[in-house]
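Single-structure report; data block below.
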Amino acid sequence: MAAKRLSSAQDYQRLLDRYDTWLLDCDGVLWQGDRLVDGVPEVLNLLRERKKKIFFVTNNATKSRKNYKKKFDQLGVAAEVEEVFGSAYASAVYISSVMKLPKDKKVYVIGMKGLEEELDEEGIAHIGGTDPADNTLEEFHLKNFEPDPDVGAVLCGLDTSINYTKLSKAFTYLHRNKDCAFLATNTDSTFPSAEGLLPGAGSISAPLTCALGRDPVSIGKPAKTMLDCIRAKYRFDPERTIMVGDRLNTDIEFGKGGGLATLLVLTGITHEWEITGPNPSTTIPDYFTNSIGDLRNAN
């Protein structure tokens, strides 16, 4: 079934009338890097005025929910911490509530401060991450590494300071202990910055996947874990819920996998020809439009 292009005021009005809960991706939908997409504050105000529930569902694990709130504030966008569901938060909830990692076990982290903050909020012990000992330019030698026997999981997120030391330590934990869980906040291949695409979190875990010969459990979109986190906190009707995103293989598949309607915007990763061209993707949204700002055109 072909995606419907939204263009008229009636199209946008019908969308607003039909859906009560709006799940919004952030990078590529609301902003590009630190640049807000045109019309975002007005659209969010419009949704709130019409009593819609709004949730910000992001795979970016570099920030905690509290830090996302600060970014929203800096960009002049109204948002509450409770409305933010990131892959860092979902990962912490997964480890504590689904895996039920014993309290005497630790997580080895490849990732940044925001990921560590969410693990702290869930009371999960962790090592690695921003530890200066791992953020080093010194050559790694296995003979100098004493693995922590309490590590029960390795969690990989986007890490802009990734190095051979971190990869080697993570590999050692996973290779030597078959019971050590291999987790990824998400497996996005790329990440949209204001200046263009950069390698995403999936590119961070990819070397480990290659070395180990197995894939991590991915917790962010399109995995169902993120939706389960939202459902655990709030009730909503899937038939009156829409997922708005810029990526087919994460946002749109996430929505479809959860039985939600999907709206693709063209301000991020995906190009129009990928869904309307002669060889379209196998993942097709229900609707697409140039930008989330287009919703301002509703009657």
If the threshold is 4.0 Å, N to carboxylate O, is there a salt bridge linking R247 and D251? no

K169 side chain vs F145 backbone, donor-acceptor pair below 3.5 Å: no

Show the numbers, then the answer: is there a side-chain contact (heavy atoms from CB on, under 4.5 Å) between N249 and T283? CA-CA 7 Å; N249 64 349; T283 300; over 6 Å; no

Any side-chain heavy-atom pair of Y108 and L174 under 4.5 Å: no

N-O pairing of R65 and E121 below 4.0 Å: no

Stepwise side chain to side chain donor-acceptor pair (under 3.5 Å) check, T250 with D188: CA-CA 7 Å; T250 54; D188 291 12; 4.6 Å; no

Min side-chain heavy-atom separation L142-S168 under 4.5 Å: no

Rounded to the nearest 0.5 Å, what separates atom OH in Y164 from atom OG1 in T136? 14.5 Å

Contact between P216 and L208 at the side-chain level, heavy atoms closer than 4.5 Å - yes or no? no

In the single-linkage hydrophobic clustering (I, L, V, M, F, W, Y; side-chain heavy atoms under 4.5 Å), do M226 and L260 co-cluster? yes

Linking I/L/V/M/F/W/Y whenever their side-chain heavy atoms sit closer than 4.5 Å, directly or via other members, would I204 and L212 fall into one cluster? yes

Looking at E117 and K70, does any basic side-chain N land under 4.0 Å from a carboxylate oxygen? no

I'd like to know if the side chain of N45 reaches the main chain of P41, judged simply by a donor and an acceptor atom lying under 3.5 Å from each other, with no hydrogens or angles considered. yes

Atom pair CG (N297) and OG (S7), whose distance is rounded to the nearest 0.5 Å: 9.5 Å

Do V109 and V217 sit in one hydrophobic cluster, given that two such residues count as connected whenever their side-chain heavy atoms are within less than 4.5 Å of each other, even indirectly? yes

For Y234 and F55, take the angle between the two ring planes, folded into 0 to 90°, and tell me which bin it lands in: parallel under 30, tilted 30 to 60, perpendicular over 60. tilted

Does T130 offer a backbone N or O that forms a donor-acceptor pair with the side chain of D134 under 3.5 Å? no

L24 and its side-chain contact (heavy atoms from CB on, under 4.5 Å) partner, picked from V43, V40, I54, V265: I54

Would you check if D11 and T289 make a side-chain contact, meaning some heavy-atom pair closer than 4.5 Å? no

Supply the atom-to-atom distance S96 OG to K103 NZ, rounded to the nearest 0.5 angstrom. 7.0 Å

Same cluster or not: are L6 and I275 linked, directly or through other Ile, Leu, Val, Met, Phe, Trp or Tyr residues, by side-chain heavy atoms under 4.5 angstrom apart? no

So, for L264 and L266, which heavy atoms are closest and what is the spacing to 0.1 Å? CD2-CD2, 3.9 Å

Do V37 and L46 belong together in a cluster built from hydrophobic side chains that touch within less than 4.5 Å? yes

Closer than 3.5 angstrom, by distance alone: can the side chain of R296 be matched with the main-chain N or O of G293 as a donor-acceptor pair? yes

Say you draw a straight line from OG of S87 to CG of L115; how long is it, rounded to the nearest 0.5 Å? 7.5 Å

Examine distances only and state if a side-chain atom of T209 and a backbone atom of D215 form a donor-acceptor pair shorter than 3.5 Å. no

Which atoms form the tightest heavy-atom contact between A125 and K105, and what is the distance? CB-O, 3.9 Å

Would you check if V77 and L44 make a side-chain contact, meaning some heavy-atom pair closer than 4.5 Å? yes

Taking every non-hydrogen atom, the tightest pair across V107 and L101: CG2-CD2, 3.7 Å

Are the side chains of P285 and L263 in touch, meaning some heavy atoms are under 4.5 Å apart? no

Please evaluate residues C229 and Y94 with respect to the criterion side-chain contact (heavy atoms from CB on, under 4.5 Å), reporting the C-alpha separation (whole Å), side-chain torsions for both, the decisive distance (0.1 Å), and the verdict. CA-CA 9 Å; C229 286; Y94 179 85; over 6 Å; no

On the 0 to 90° scale, with breaks at 30° and 60°, tag the Y19-W22 ring pair as parallel, tilted or perpendicular. perpendicular

If you look only at distance, which donor and acceptor atoms sit under 3.5 Å apart when one is on a side chain in residues 238-245 and the other is two or more places apart or in another chain?
from : atom 1 : to   : atom 2 : distance (Å)
R240 : NE     : D20  : OD2    : 2.5
R240 : NH1    : R18  : O      : 3.2
R240 : NH2    : D17  : O      : 2.9
R240 : NH2    : R18  : O      : 3.3
R240 : NH2    : D20  : OD1    : 3.2
T241 : OG1    : D237 : O      : 2.7

Are the side chain of K100 and the backbone of S97 linked by a donor-acceptor contact shorter than 3.5 Å? yes

So if I apply the side-chain contact (heavy atoms from CB on, under 4.5 Å) rule between F191 and each of I269, T160, L158, which one comes out positive? L158

So how far is it from K66 NZ to E118 CD, rounded to the nearest 0.5 Å? 8.5 Å

Full working for salt bridge (charged side-chain N to carboxylate O under 4.0 Å, His left out) between K106 and D148: CA-CA 9 Å; K106 301 174 185 175; D148 188 328; 2.7 Å; yes

Tell me if the CG atom of L137 is crowded by more than 12 foreign heavy atoms within 6.0 Å. no

Could you go through K256 and E253, starting from their C-alpha distance and side-chain angles, then the distance that decides it, and tell me whether this counts as side-chain contact (heavy atoms from CB on, under 4.5 Å)? CA-CA 5 Å; K256 288 186 170 296; E253 286 191 8; 5.7 Å; no

Beyond-backbone contact of I292 with T267, side-chain heavy atoms, under 4.5 angstrom: no

Evaluate the side-chain proximity of K166 to S161: yes if any heavy-atom separation is below 4.5 Å, no if none is. yes

Give a yes or no on this: more than 12 heavy atoms of other residues, nucleotides or ligands lie within 6.0 Å of atom CZ of R214. yes

dist D131:CG -> T165:OG1 (nearest 0.5 Å) comes out at 11.0 Å

Charged N to carboxylate O below 4.0 Å: is that the case for K71 and D34? yes

Residue among N59, N186, D25 satisfying side-chain hydrogen bond (donor to acceptor under 3.5 Å, both in side chains) with K221: D25

Taking it one step at a time, do T270 and D246 satisfy side chain to side chain donor-acceptor pair (under 3.5 Å)? CA-CA 6 Å; T270 306; D246 69 304; 6.0 Å; no

Residues I110 and I162: closest non-hydrogen pair is CG2-CD1, 3.6 Å

Return yes if some donor-acceptor pair links the side-chain N/O of K53 with the main-chain N/O of R235 below 3.5 Å, else return no. yes

Minimum heavy-atom separation for A88 and G114, please, with both atom names. CB-O, 4.3 Å

Mind listing the closest non-hydrogen atom pair of G33 and W31 along with its distance? O-CD1, 3.4 Å

Apply the test side-chain contact (heavy atoms from CB on, under 4.5 Å) to residues Y68 and N60: give CA-CA distance (whole Å), side-chain angles for both, the deciding distance (0.1 Å), then the verdict. CA-CA 10 Å; Y68 260 107; N60 188 340; 2.9 Å; yes

